[in-house]
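Okay, structure first, notes after.
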Amino acid sequence: MSEVVAGITIPDTELVASATKLVRDAADETLFNHSRRVFLWGSLKAAARGLDVDPELAYVGGLFHDLGLTSRYATKTRRFELDGAEAARTFLLEHGRSEEDARNVWLAIALHTTPEIPSYLAPETAVVTLGVETDVLGIDLHEITDAQRAEVVAAHPRPDFKNRILKAFYEGMADRPDTTFGTMNDDVLAHFDPSFQRKDFVEIIQNNAWPE
């Protein structure tokens, strides 16, 4: 029997069950509950906007979007978003989804910290950013009714979430600081590590190898 939270049905499929198990095994409670809420918030907002979203793809996008912050899936050389995107693409292809489906979810995860752009792409790409912006940044939270909010948070609590998610971000990126260049992620490193030196885009242009 399918689980329903705040009117959103979590598909009762082998793919969804496998995705849930994979993320439960890799992530702690903070990241797991956050990822499920991202799927739920994103699905609620997508429905309100009239977006026709494949629920399995939306689920994998939501569940895998922070997988690159976990020790099991993190690399040392690339952005954490790409780690999760690659894991999701491999997972979907192994479960029989098409290259196009896998690519849309790859984009959803790779771009979930890049404002605006996902909303111009496929619904399965946009839905993840809608959920992330709701849960982490509180953007357009008024679009979620009090009843919906209460039901989602009852199913997936957010105790001290603001501090816990910031800690998870920092711990997932502290040993690969160069990968945060050009993203909001360097704000996290600068907040927690006073010795962190941001790369300056203007200085990179002014001091690059091209002669004047």
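What you see below is based on every heavy atom in this structure, not just the backbone, and it leaves out hydrogens, waters and symmetry mates. Computed from a prediction, not measured in an experiment: that's the story for all the values here.
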Taking [X] for the side chain and [Y] for the main chain, is one N or O donor matched with an acceptor at less than 3.5 Å?
| X | Y | value |
| --- | --- | --- |
| E124 | D54 | yes |
| D140 | E143 | no |
| E151 | A6 | yes |
| R78 | A74 | no |
| T90 | A87 | no |
| T129 | P118 | no |

key: Partner of D186 under side chain to side chain contact (heavy atoms under 4.5 Å, CB included), chosen from R198, M173, H191, Q197   = R198
note = From the list T134, L130, V136, D135, side chain to side chain contact (heavy atoms under 4.5 Å, CB included) partner of V132 resolves to V136
message = Working note: L121 + N104, criterion side chain to side chain contact (heavy atoms under 4.5 Å, CB included); need CA distance, chi angles, decisive distance, verdict.
response = CA-CA 8 Å; L121 302 176; N104 284 336; over 6 Å; no
ask   = Which of these passes salt bridge (Lys or Arg N to Asp or Glu O under 4.0 Å) with K76: D175, D83, D178?
value = D175
Stepwise side chain to side chain contact (heavy atoms under 4.5 Å, CB included) check, H156 with E29 = CA-CA 9 Å; H156 296 289; E29 283 298 302; over 6 Å; no
key: Closest approach of L15 to H95 (non-hydrogen atoms, all atoms of both residues)   = CD1-CB, 3.7 Å
inquiry  = Which heavy atom of T9 sits nearest to which heavy atom of S2, and what is that distance?
reply    = CG2-CB, 3.6 Å
How many angstroms lie between atom [atom1] of [X] and atom [atom2] of [Y], to the nearest 0.5 angstrom?
| X | Y | atom1 | atom2 | result |
| --- | --- | --- | --- | --- |
| R149 | I144 | CZ | CD1 | 8.0 Å |
| N185 | R79 | CG | CZ | 6.5 Å |
| D66 | I109 | CG | CD1 | 9.5 Å |
| T13 | E56 | OG1 | CD | 3.5 Å |

Verdict with reasoning, D101 to R89, per salt bridge (charged side-chain N to carboxylate O under 4.0 Å, His left out) = CA-CA 9 Å; D101 290 344; R89 180 181 181 278; over 6 Å; no
task = Under the side chain to side chain contact (heavy atoms under 4.5 Å, CB included) rule, what do K199 and I204 come out as? Steps first, then yes or no, please.
result = CA-CA 8 Å; K199 291 184 178 179; I204 290 172; 4.3 Å; yes
inquiry  = Does D160, at its CG atom, have more than 12 non-hydrogen atoms belonging to other residues, nucleotides or ligands within less than 6.0 Å?
reply    = yes
query = Taking side chain as C-beta onward, heavy atoms only, is N33 less than 4.5 Å from P157?
reply = yes
request  = Check step by step if side chain to side chain contact (heavy atoms under 4.5 Å, CB included) holds for L166 and F192.
outcome  = CA-CA 9 Å; L166 284 170; F192 286 98; 3.8 Å; yes
message = Suppose we call two aromatic rings close when their centres sit under 6.0 Å apart. Are H112 and F80 close by that rule?
response = yes
ask   = Are R37 and F161 in a cation-pi contact, defined as NZ or CZ under 6.0 Å from the six-membered ring centre and within 45° of the axis?
value = yes
